[in-house]
Protein chains: 2
Amino acid sequence: MKVLNKHTDYAVRALIALGMKPGSRISAKTLSEEQGIPYQFLRRILQELIRNGLVSSKEGAGGGVALARDPDEIRVRDVIEIFQGSVQVSECMFRKQLCSNRANCVLRHEIMRIERMVNDEFAKVTVGKLIADLKRVEEARAGVQVQE
Amino acid sequence: MKVLNKHTDYAVRALIALGMKPGSRISAKTLSEEQGIPYQFLRRILQELIRNGLVSSKEGAGGGVALARDPDEIRVRDVIEIFQGSVQVSECMFRKQLCSNRANCVLRHEIMRIERMVNDEFAKVTVGKLIADLKRVEEARAGVQVQE
DNA sequence: ACTAACTGATACTAAATTGGTATCAGAAAT
DNA sequence: ATTTCTGATACCAATTTAGTATCAGTTAGT
């Protein structure tokens, strides 16, 4: 059971990388090399992020991409929604008419509760928070060289 | 983003159905008809549940399947694990050597936290609980015919 | 004006996964 | 012996996932 697919995974990584260099534009090529993400794949991911307003872009030589918002305003949940759609149970009943199957309904009720939890949690994780965590980790490892 | 696949979904439904008729064996055919689950598909699902000790079976005419345990001891999480593997992040890093990518690590840390939550929640939902919920719902609807 | 470095859009593909079917062998009840 | 069942396993089509390729248009620098 995989929670995140490669699209989401790469997207978040790219967003973190962009967030670490605020103000500057980075080309998809550079980003792909730095992050080890296949170039063409990353291009498509970035385009999707651009379409959804998380990233801004500038065409032409010297162009590239940058975060379009404050990193604290970019939630991992937003990214998941873009690439994996909103969290939902296997073939949501409510699209069809009423729950044909009663047992199903009960199960779904539980699942939706859990889904809400997951959504709320992923909404709490912002790119800004991840960057902060990252910096904290790197400081710690730059400071005292702990056991390794 | 789909949480449960058909295997898990049908499996839980089947387990609930079995749990509702304690003691009696039911054939895969009957179960498939009652629950509207494709016969051959259900057969394979049941075999998997049997292999994993959630269901017991008896071969031959008059045979069939039944729960192998107390419904309260069958967790939806167990079922998910059987059919979808344990919840995990897109390609767990830790199988490879150390996190090659720092940003990744930070993201993964968050995701694993959320995963643990999900796992714990799905562990709390047992077939027994679902059956109890189901009965409660059906009583309510048998009693006062509420607005509809 | 040319060219190199970019993004926009979109078509294509291989491999894996998902959901489902079919078949054959063997066990038990009648 | 025949019917009703499970055990095991092979097969299949559709979808999804991950990744590639191509061409058109934009901008900066010369």
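Letters A, B, ... mirror the listed sequences (proteins, then strands); counts begin at 1.
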Measuring from the side chain of [X] (C-beta onward, heavy atoms only), which nucleotide among [options] has the closest atom?
| X | options | answer |
| --- | --- | --- |
| A:Q40 | D:dT20, C:dA29, C:dA4 | D:dT20 |
| A:R43 | C:dG8, D:dT4, D:dT6 | C:dG8 |
| B:S27 | C:dG8, C:dA28, D:dC5 | D:dC5 |
| B:H7 | C:dG19, C:dT10, C:dC6 | C:dG19 |
| B:I50 | D:dG7, D:dT4, C:dC6 | D:dG7 |

Side-chain N or O of [X] less than 4.0 angstrom from OP1 or OP2 on [N]?
| X | N | result |
| --- | --- | --- |
| B:K6 | D:dT15 | no |
| A:Y10 | D:dG19 | yes |
| A:K2 | C:dT18 | no |

If the threshold is 4.0 Å, N to carboxylate O, is there a salt bridge linking [X] and [Y]?
| X | Y | answer |
| --- | --- | --- |
| A:R108 | B:D9 | yes |
| B:K124 | A:E110 | no |
| B:E139 | B:R136 | no |
| B:D133 | B:K129 | yes |
| A:K21 | A:E34 | yes |

Listed in order of residue number, which residues of residues 73-84 of chain A have a non-hydrogen atom at under 4.0 Å from DNA chain C? none
DNA chain C-proximal residues of residues 51-60 of chain A, any heavy atom under 4.0 Å: A:R51, A:S57, A:K58, A:E59, A:G60
Whole-Å distance between [N] [atom2] and [X] [atom1]?
| X | N | atom1 | atom2 | result |
| --- | --- | --- | --- | --- |
| A:E48 | C:dT7 | CD | P | 16 Å |
| A:Y39 | C:dA5 | OH | P | 12 Å |
| B:M1 | D:dT15 | CE | P | 22 Å |
| B:L42 | D:dT6 | CG | C1' | 12 Å |
| A:I37 | D:dT17 | CD1 | C1' | 16 Å |
| A:I45 | D:dT20 | CD1 | P | 11 Å |
| B:N5 | C:dG20 | CG | C1' | 13 Å |
| B:Q47 | C:dG20 | CD | P | 17 Å |

Restricting to side chain to side chain donor-acceptor pair (under 3.5 Å), what partner residues turn up for A:S27, sequence neighbours left out? A:T30
Assuming nearest nucleotide by heavy-atom distance, tell me which of A:F41 and B:G64 is located more 5' along DNA chain D. B:G64
Want to settle it: does A:P38 or B:G62 sit nearer the 5' end of DNA chain D, counting the closest nucleotide to each? B:G62
Please answer: with hydrophobic residues joined when any side-chain heavy atoms are less than 4.5 Å apart, are A:V118 and B:M117 in the same cluster? no
For nucleotides 10-14 of chain D, print each protein N/O atom paired with a nucleotide N/O atom at under 3.5 Å, atom names and distance only.
none

Show every donor-acceptor pair shorter than 3.5 Å between a side-chain atom in residues 67-87 of chain A and any protein atom, with sequence neighbours excluded, or say none if there are none.
unit_1 : atom_1 : unit_2 : atom_2 : d
A:R69  : NH1    : A:E73  : O      : 2.9
A:D70  : OD1    : A:D72  : N      : 2.8
A:R75  : NH1    : A:E73  : O      : 3.2
A:D78  : OD2    : A:R75  : N      : 3.1
A:Q84  : OE1    : A:N5   : N      : 3.1
A:Q84  : OE1    : A:T8   : OG1    : 2.6
A:Q84  : NE2    : A:V3   : O      : 3.0

Residues 38-58 of chain A vs salt bridge (Lys or Arg N to Asp or Glu O under 4.0 Å), sequence neighbours excluded, gives A:E48-A:R51
On a heavy-atom basis, which atom in B:S24 and which in B:A66 lie closest, and how many Å separate them? O-CB, 3.9 Å
So, for B:A11 and B:L49, which heavy atoms are closest and what is the spacing to 0.1 Å? CB-CD1, 4.1 Å
Between CZ on residue A:R116 and CD1 on residue A:I111, distance to nearest 0.5 Å: 12.0 Å
Going by heavy atoms in the side chains, are B:I37 and B:L31 under 4.5 Å from each other? no
What does A:L46 touch in the nucleic acid at a heavy-atom separation under 4.0 angstrom: a base, only the sugar-phosphate, or nothing? nothing
